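Here the structure is laid out as C-alpha cells; the discussion comes afterwards.
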Amino acid sequence: MAELSGGSEPVAVPLWPPGESPPGFQYSPDSVAGADGEIDPTEITFPGCSCRSSSCAAPECSCLGRGDNYIGPCLRGAEQEGFARPVFECNALCQCGESCPNRLVQRGLRLRLQVFRTPRKGWGVRALEPVPRGTFVCEYAGEVLGMAEARRRIRAQSPQDSNYIIAVREHLHDGRVLQTFVDPTRVGNVGRFLNHSCEPNLFMVPVRVDSMVPRLALFAATDIPAGEELSFDYSGRFHNSPGSSREHNPLEEDNRLRKPCYCGSPMCASFLPWDSSLFSTPDGSP
C-alpha cells in the first residue's frame, strides 16, 4: 500500500484506495517558514527549564509556569472554562529528558491514520485504531505566513481551487489578538487532508514549544471509533468561547466565492466557514 509521508513520520500514513494518490506536495511533519520569510517557526527563542527529573511538574518547571498543561482547561473547552491559559511544552533547551510528559505535540504522529478518498469531499483522514477523548491526533503543519502573504495567496485563488490556509486567532484577556496563518498547500503534513465538519470530532489547540509561533495541534473531542473520518471546525467556533470566531455572514453576492459543506451533520450550515478579512486589504481597497 502506498505511503504518504515518505518515512518522515514515526508511523506510516497509508493511502486508500490502492493506485490512487492526491495531487503532489512536499510532505513535512513540522511547519516551515513561508516563502515570504516573515516568520520562522523553527527559531528557538524560549529559555529552557532547569528540571533534572524526567517528569516536569508545576510550579517548579518554568515551562509549565508559563501556562496550562494537558490536564487543564485547554482540553476541556473554553466554552466551559472561560479563557484557557496558553500551552507551553518543554523545549530544545530544557534539561528534562525526552520522556517528560510535557513533550507531547513535538513527538509527532503516534496514531495510525489513513488518508482516503471520500465520496464527495475529495481526500479525508480516518483513524485505523480507536482514539480516546483528549488524545493528541496530529498537527496542522505547513508554511507559516505573515498576514500580507496569506491575503495575497487567498486573493490569487480561483473559485475552483482548494483552500488550505487556516487563520488562527488567539484572544488574550487584555483584548489583544495573536494571529497565526498556516498554509499546507505546497508544504504540509497529514493534517492538510482533514475535512471540515459542523459537528467535528477534533478540536485545535495552539501549542508553543520553542517560540511564540504555535504548533496547531488537533485533539480528539470525543471517543472516536476506528474507521471514523476525522474532522475539525474550520471556523474555530467549536470548543471555543462564543464570539471568538472571525467568520462573517457574507452578502448574497459573495456566496459565489463560498464552497458547499458536505459534512452531513444535522446542524450543517450548508457552506464552509467564511472569513472575509482575508479577501480584503487592510484599508478596504481592492
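Computed from a predicted model, the values in this text were never measured in an experiment.
Here the OG atom belonging to S231 is positioned 8.0 Å from the CG atom belonging to L194, to the nearest 0.5 angstrom. We find the CD-SG distance between Q106 and C100 to be 8.5 Å, quoted to the nearest 0.5 Å. Atom OG of S211 sits about 10.0 Å away from atom CZ of F88, to the nearest 0.5 Å. The structure places CG of L113 at 7.0 Å from CG of L128, a figure rounded to the nearest 0.5 Å. Taking SG of C49 as the reference point, atom CG of N91 lies at 7.5 Å (rounded to 0.5 Å). Residue C90 holds its SG atom at 6.0 Å from CG of L64, rounded to the nearest 0.5 Å.
A salt bridge links R112 and E129; the closest N-O separation between the charged side-chain nitrogens and carboxylate oxygens is under 4.0 Å. Under the 4.0 Å criterion applied to side-chain N and carboxylate O atoms, R126 and E229 are not assigned as salt-bridge partners. Residues D36 and R152 are not paired through a salt bridge, judged by the lack of any N-O separation under 4.0 Å between the basic side chain and the carboxylate. Taking the charged nitrogens against the carboxylate oxygens, E170 and R208 do have a contact shorter than 4.0 Å, which makes a salt bridge.
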Show me the side-chain donor-acceptor pairs of residues 11-18 shorter than 3.5 Å, one per line, residues at least two apart or across chains.
none

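When only modelled atom types and interatomic distance are considered, Q157 and N163 share a side-chain donor-acceptor pair under 3.5 Å. Side-chain contact annotation: Q26 with S28, donor-acceptor N/O pair under 3.5 Å absent.
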Applying side-chain contact (heavy atoms from CB on, under 4.5 Å) to C96 and R103, what does each step give before you reach the verdict?
CA-CA 10 Å; C96 59; R103 299 179 184 269; 3.4 Å; yes
Carefully, step by step, assess Y234 and Y140 under the rule ring pair (Phe, Tyr, Trp, His ring centres under 6.0 Å).
CA-CA 12 Å; Y234 292 177; Y140 193 86; 7.7 Å; no
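The two atoms that bring P41 and V213 nearest to each other are CB-CG1, 3.8 Å, heavy atoms only.
Proximity of the aromatic rings of F232 and F219 is defined here by a centroid distance below 6.0 angstrom, and this criterion is not met.
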